[in-house]
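Accompanying notes for the structure given below.
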Amino acid sequence: MESIETIQARYRDIRAKVDDAYRSAGRDPRDVTLIAVSKTHAAEAVGAVHACGQNDFGENYAQELTEKAGALR
């Protein structure tokens, strides 16, 4: 797994690109919901992105969501 710092830096870079694209289109970045794909990623990585303010995640299987949610409580 990548370091927590690397994961957070990559998330911030993506968030900034999305926000810049929205501003360039004359839109408010708060009007878009970024959904982070957490499937196949460890709970620690998901927690690192969540700590940056990301609240919406996508999972393929309910049991993986349940396991990660339990690990992050």
Side-chain angles (χ1 to χ4, degrees):
M1 182 177 93
E2 293 177 287
S3 73
I4 298 299
E5 294 80 17
T6 300
I7 292 167
Q8 290 176 329
R10 289 178 61 205
Y11 168 77
R12 288 185 190 109
D13 182 53
I14 292 166
R15 181 79 248 182
K17 287 177 182 177
V18 169
D19 291 352
D20 289 346
Y22 247 61
R23 285 188 197 96
S24 292
R27 306 279 307 272
D28 186 338
R30 293 174 295 185
D31 291 342
V32 66
T33 300
L34 178 63
I35 299 176
V37 177
S38 55
K39 66 179 191 173
T40 74
H41 295 285
E44 294 82 16
V46 176
V49 174
H50 183 263
C52 291
Q54 178 65 30
N55 293 314
D56 298 294
F57 294 89
E59 276 290 343
N60 274 4
Y61 301 103
Q63 60 270 28
E64 287 185 30
L65 172 63
T66 302
E67 289 173 17
K68 289 176 186 173
L72 293 171
R73 285 200 175 127

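Just so you know, residue 1 is the first one in the sequence shown, and it goes up from there.
- Residue L34 holds its CG atom at 11.0 Å from OH of Y22, rounded to the nearest 0.5 Å.
- For the residue pair Q8 and C52, the shortest heavy atom distance occurs at CG-SG, 3.5 Å.
- No donor-acceptor distance shorter than 3.5 angstrom exists from the side chain of K68 to the backbone of E59, with no hydrogens or angles considered.
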(request) Check step by step if side-chain contact (heavy atoms from CB on, under 4.5 Å) holds for M1 and I7. (result) CA-CA 9 Å; M1 182 177 93; I7 292 167; 4.2 Å; yes
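- Criterion: ILVMFWY side-chain heavy atoms under 4.5 Å apart, direct or through other members. Under it, V49 and I14 are part of a common hydrophobic cluster.
- Side-chain atoms of Q54 come within 3.5 Å of backbone N or O of D56 as a donor-acceptor pair.
- How far CG of D19 is from CG of D28: 9.0 Å, rounded to the nearest 0.5 Å.
- Across every non-hydrogen atom of Y11 and G53, the tightest pair is OH-C, 4.4 Å.
- Under the salt bridge (Lys or Arg N to Asp or Glu O under 4.0 Å) rule, D13 has a single partner from K17, R15, R10, which is K17.
- Within the 3.5 Å criterion, the main-chain N or O of E64 finds no donor-acceptor partner in the side chain of K39.
- Considering every non-hydrogen atom in both L72 and G47, the closest pair reads CD2-CA, 3.7 Å.
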